[in-house]
Amino acid sequence: MKGTVLFVSGIDTNVGKTYATGIIARRMAAEGKSVITQKMTQTGNVDVSEDIEMHRRLQGIPFTDEDKSGLTCPYIFTYPCSPHMAAAKDGREIDLRVITEATRRLQEKYDYVLLEGAGGLMVPCTADSLTIEYVRDMGYPLILVTSGKLGSINHTLLSLYACKQYGIKVHTVVYNLYPRTDELIEQNTLEYLRHYVAREHPETEIRLLEVQD
């Protein structure tokens, strides 16, 4: 039986997807689940994915055999930008079938694969396709990472609306409280999102990611 893939995306770049992915993987492992994280593409790196490195540090485990073989990050590009641009600058192309096959191989060994995207849902993963289209086509449930910083309500609601339009199941909304910002805005944003999600996405859970995690 193949493992379950949960796609991890965010409302924007630098919202804490990598942090959230590593912590969620650690929690799942503590519950006795077999879990591996994967990065769809990594930009701004050479040889090794810094996001996979962060996942492993947060999980408290060394690099896995799958990390060393490249299965957990099939594409690494040198320039820190959107994947389609980074691939072009390196004179390469992204073949989504390569990523899909790597994920499938991880599913054969693990109960859960947490597949982290790059930036938000509308980020181009190739010149002709968006991340949200890949998630839809693969039928992956989504973990959406948001935060309490100013502007998050707008970005979160737009992301949730896009998921509805594309028929993507939102498994969990992760409210990332690291790093802390304005506590009044954080609390108000959380209250608003709880009310909105309960009304518009009643099947979706909101989970807090505390700083001490």
Side-chain angles (χ1 to χ4, degrees), residues 2 4-22 36-55 66-107 113-147 151-152 154-171 173-174 176:
K2 286 186 177 180
T4 299
V5 180
L6 297 174
F7 195 93
V8 184
S9 189
I11 61 167
D12 202 351
T13 191
N14 293 326
V15 75
K17 288 189 311 300
T18 300
Y19 180 81
T21 302
I36 188 75
T37 65
Q38 184 183 19
K39 181 76 178 175
M40 194 173 178
T41 57
Q42 178 76 63
T43 64
N45 284 179
V46 178
D47 297 328
V48 176
S49 163
E50 64 183 2
D51 288 357
I52 293 294
E53 284 186 312
M54 175 63 77
H55 295 167
E66 292 83 8
D67 296 331
K68 295 170 186 175
S69 69
L71 275 182
T72 54
C73 190
Y75 288 105
I76 298 177
F77 304 108
T78 56
Y79 200 75
C81 59
S82 182
H84 76 294
M85 177 181 172
K89 284 189 70 65
D90 282 354
R92 300 166 60 194
E93 292 185 359
I94 296 172
D95 185 342
L96 294 176
R97 294 171 298 182
V98 171
I99 298 169
T100 302
E101 174 61 17
T103 304
R104 185 194 65 77
R105 290 176 62 185
L106 293 174
Q107 286 178 273
V113 179
L114 301 182
L115 175 54
E116 181 187 344
L121 285 165
M122 289 296 177
V123 167
C125 45
T126 71
D128 302 313
S129 64
L130 302 172
T131 300
I132 196 169
E133 294 171 336
Y134 183 74
V135 178
R136 176 199 62 197
D137 293 347
M138 298 307 300
Y140 294 150
L142 179 74
I143 295 175
L144 180 67
V145 182
T146 184
S147 73
S152 290
N154 175 71
H155 294 347
T156 305
L157 267 55
L158 283 172
S159 296
L160 291 172
Y161 178 77
C163 288
K164 246 184 189 180
Q165 295 300 108
Y166 278 81
I168 293 169
K169 177 185 177 183
V170 183
H171 179 279
V173 172
V174 173
N176 181 23

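From a predicted model like this one, the values you see are computed outputs, not experimental measurements.
Take Ala162 and apply the side chain to side chain contact (heavy atoms under 4.5 Å, CB included) test, not counting sequence neighbours, and it matches Met122, Ile132. Partners of Ser147 by side chain to side chain contact (heavy atoms under 4.5 Å, CB included), not counting sequence neighbours, listed by chain and number: Val15, Lys149, Ser152. For Gln107, there are no side-chain hydrogen bond (donor to acceptor under 3.5 Å, both in side chains) partners, not counting sequence neighbours. For Arg104, the salt bridge (Lys or Arg N to Asp or Glu O under 4.0 Å) criterion is met by Glu101, Glu108, not counting sequence neighbours. For Thr103, the side-chain hydrogen bond (donor to acceptor under 3.5 Å, both in side chains) test picks out Gln38, with sequence neighbours left out. Partners of Glu93 by side-chain hydrogen bond (donor to acceptor under 3.5 Å, both in side chains), not counting sequence neighbours: none found. For Tyr134, the side-chain hydrogen bond (donor to acceptor under 3.5 Å, both in side chains) partners two or more places apart in sequence, or in a different chain, are Thr100.
Between Leu121 atom CG and Leu144 atom CG the span is 6.5 Å, to the nearest 0.5 Å. Note that CD1 of Ile94 and CG of Leu96 are 7.5 Å apart. Values are rounded to the nearest 0.5 Å. The OG1 atom of Thr37 sits 4.5 Å away from the NE2 atom of His55 when rounded to the nearest 0.5 Å. The line from CD1 of Ile76 to CG of Asn45 is 6.5 Å long, rounded to the nearest 0.5 Å. Once rounded to the nearest 0.5 Å, the distance linking CG of Leu115 with CZ of Phe7 reads 5.0 Å. Annotation: the span from Arg105 atom CZ to Leu71 atom CG amounts to 4.5 Å, rounded to 0.5 Å.
Nearest approach of Ile168 to Tyr140, heavy atoms of both residues: CG2-O, 4.1 Å. Taking all atoms of both residues into account, the shortest heavy-atom contact from Met40 to Gly117 is CB-CA, 4.4 Å. For the pair Tyr166 and Leu130, the tightest heavy-atom approach, listed with the atom from each and the gap, is OH-CD1, 4.4 Å.
Within a 6.0 Å radius of CZ in Arg92, more than 12 heavy atoms belonging to other residues, nucleotides or ligands are found. Around the CE atom of Met138, the shell of radius 6.0 Å holds more than 12 heavy atoms that belong to other residues, nucleotides or ligands. Applying the 6.0 Å contact sphere to NZ of Lys169 captures no more than 12 heavy atoms from other residues, nucleotides or ligands.
Tyr75 has its side chain within reach of Val98: a pair of non-hydrogen atoms, C-beta onward, lies under 4.5 Å apart. A 4.5 Å side-chain heavy-atom check between Leu6 and His171 finds at least one atom pair inside the cut-off. Using a 4.5 Å heavy-atom cutoff, the side chains of Val8 and Val145 are in contact. Proximity of Val174 to Ile143: side-chain heavy atoms (C-beta onward) are separated by under 4.5 Å at one or more points. Looking at heavy atoms from C-beta onward, Leu142 lies in side-chain contact with Cys163 at the 4.5 angstrom threshold.
In this structure, the side chain of Thr131 does not engage the main chain of Pro124 through any donor-acceptor pair within 3.5 Å.
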Full working for side-chain contact (heavy atoms from CB on, under 4.5 Å) between Leu160 and Val170:
CA-CA 8 Å; Leu160 291 172; Val170 183; 4.0 Å; yes

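For residues 5-17, the set of pairs meeting the side chain to side chain donor-acceptor pair (under 3.5 Å) definition, not counting sequence neighbours, is empty. Listed by first then second residue, pairs satisfying side chain to side chain donor-acceptor pair (under 3.5 Å) with a partner in residues 118-127 read Thr126-Ser129, not counting sequence neighbours. Listed by first and then second residue, the salt bridge (charged side-chain N to carboxylate O under 4.0 Å, His left out) pairs involving residues 119-140 amount to none (not counting sequence neighbours). Pairs of residues two or more places apart, or lying in two chains, that qualify as salt bridge (charged side-chain N to carboxylate O under 4.0 Å, His left out) and include a residue from residues 37-53 are Lys39-Asp51, Lys39-Glu116.
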Please report, to 0.1 Å, the donor-acceptor pairs under 3.5 Å made by any side chain of residues 80-90, with sequence neighbours excluded.
residue	atom	partner	partner atom	Å
Ser82	OG	His84	ND1	3.0
Asp90	OD1	Thr78	OG1	2.7
Asp90	OD2	Thr78	N	2.9
Asp90	OD2	Thr78	OG1	3.3

